[in-house]
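So you know, we letter chains A, B, ... as the sequences are listed, proteins then strands, and number each from 1. Since the structure is predicted, the reported quantities are computational estimates derived from the model, not experimental observations. Values below: all heavy atoms of this structure, side chains included; hydrogens, waters and symmetry mates excluded.
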Amino acid sequence: MPELPEVENTRRNLVRAGLPGSTITGANITWANTVKKPSAAELAEGLKGRTIQDIERQGKYLILPLSGSGPTNFIIHLGMTGRLQVQPQSQEPDPMTRHSFPLEDGPELRFVDGRKFGKLWLVDSPTEVLPTMSPEPFEDEFTVETLAESFSGRKAPVKALLLEQSTVCGLGNLYADESLFLAGLHPERPASDLSIDEVATLRQAIIDALSAAYGVYDRARDQLWPDPPTALTTWSHPRDIKAACPNCETSMTAIRVQARGTYFCSKCQV
DNA sequence: AGTACGTCCTGATCGC
DNA sequence: TGCGATCAGGACGTAC
């Protein structure tokens, strides 16, 4: 499931594919439920003739500012299985392609989404759509104090709070587990029980987990990086096989936190 | 207000 | 072997 590194990866790949500057000539929407605002028909009509100026990202949301008249922002959330591809119109589309947007210069933008959890909007301002989100984890504004503030007074499991975008935008199930593993924290610890030192350790672990997925984080160089999940230590756990903790070789424990599959080491994470 | 749970979806996997 | 049941989860809505 795409989390911050994968969404950023998608963003860069679209930039590399030349999407900025391309003009959308039409829209084939085959699953209207993914269109949240306005209606699917209005979105399809509203995108026609618009030029994509840039591709931005906030948390897990992709924002495509458009020139021309009409709502100025095409916003996309990939959900769990969403992918965006720029392919020649002559190329056979993936069978799970839900929407396609032909471009003026030949190729088309395709939205492939097996489980249909992705979402689209066409609105004047991202603020109409985007929920309250924390500062980007790589920005200076993502401080220990910010994180501690969002944990304050919260008895919910720390992992549950890590999944809230207002706590750490861009984090999802996999990187939440990974961050807690790197921090040596039990996922079910009540968030407000964490000491300030533990919060500081967790903040750094979040940055480290995401950084590992990026390879070397460097916006300016726009470089390729390895497939992010290979960077995860807690990731490769088939449902019924308990892998060993890479630190102490204890079998990893599988539980559910907030109805999410959760893996941790009962010895290293306390 | 904070917390928990149901809902949307379908491919992959499980179990009889 | 085949087929129905179950699982997976991001974010929102609803209920307590």
K.L.:
Show every donor-acceptor pair shorter than 3.5 Å between a side-chain atom in residues 114-126 of chain A and any protein atom, with sequence neighbours excluded, or say none if there are none.
P.N.:
| unit_1 | atom_1 | unit_2 | atom_2 | d |
| --- | --- | --- | --- | --- |
| A:S125 | OG | A:T127 | N | 3.1 |
| A:S125 | OG | A:T127 | OG1 | 2.7 |

K.L.:
To the nearest 10 degrees, how far apart in direction are the end axes of the helix from B:dG2-C:dC16 to B:dC16-C:dG2, each fit to five base pairs?
P.N.:
60°
K.L.:
Any residue in residues 142-149 of chain A with a heavy atom nearer than 4.0 angstrom to DNA chain B? Just list them by number, or reply none.
P.N.:
none
K.L.:
Under 4.5 Å between side-chain heavy atoms, chaining through other members, with only Ile, Leu, Val, Met, Phe, Trp and Tyr counted: pull out the rest of the cluster around A:M96, sorted by chain and number.
P.N.:
A:V112
K.L.:
When you measure from every atom of DNA chain B, which of residues 111-126 of chain A have a heavy atom less than 4.0 Å away?
P.N.:
A:G114, A:R115, A:K116, A:F117
K.L.:
Taking only distance into account, with no hydrogens and no angle test, what donor-acceptor pairs under 3.5 Å do side-chain atoms of residues 100-109 of chain A form with protein atoms, sequence neighbours excluded?
P.N.:
| unit_1 | atom_1 | unit_2 | atom_2 | d |
| --- | --- | --- | --- | --- |
| A:S100 | OG | A:N28 | ND2 | 2.9 |
| A:E108 | OE2 | A:R110 | NE | 2.8 |
| A:E108 | OE2 | A:R110 | NH2 | 3.0 |

K.L.:
State plainly whether the residues A:D177 and A:R260 are in salt-bridge range, i.e. N to O under 4.0 Å.
P.N.:
no
K.L.:
Quick one: side chain to side chain donor-acceptor pair (under 3.5 Å) partners of A:S179, sequence neighbours excluded?
P.N.:
none
K.L.:
For A:T30, check side chain to side chain donor-acceptor pair (under 3.5 Å) against everything at least two apart and list the hits.
P.N.:
none
K.L.:
Which pairs with one or both residues in residues 69-80 of chain A pass side chain to side chain donor-acceptor pair (under 3.5 Å), sequence neighbours excluded?
P.N.:
none
K.L.:
Is A:K60 salt-bridged to A:E8, cutoff N-O under 4.0 Å?
P.N.:
no
K.L.:
Kindly write out the residues that satisfy side chain to side chain donor-acceptor pair (under 3.5 Å) with A:Q165, not counting sequence neighbours, or none if the list is empty.
P.N.:
none
K.L.:
Could you list, one pair per line, each protein nitrogen or oxygen that sits under 3.5 Å from a nitrogen or oxygen of nucleotides 1-5 of chain B, together with the distance?
P.N.:
| unit_1 | atom_1 | unit_2 | atom_2 | d |
| --- | --- | --- | --- | --- |
| B:dT3 | OP1 | A:K155 | N | 2.5 |
| B:dT3 | OP1 | A:A156 | N | 3.1 |
| B:dT3 | OP2 | A:R154 | NE | 2.2 |
| B:dT3 | OP2 | A:R154 | NH2 | 2.9 |

K.L.:
Could you give all pairs that pass the ring-ring contact (aromatic ring centres under 6.0 Å, His included) test and reach residues 7-30 of chain A, with sequence neighbours left out?
P.N.:
none
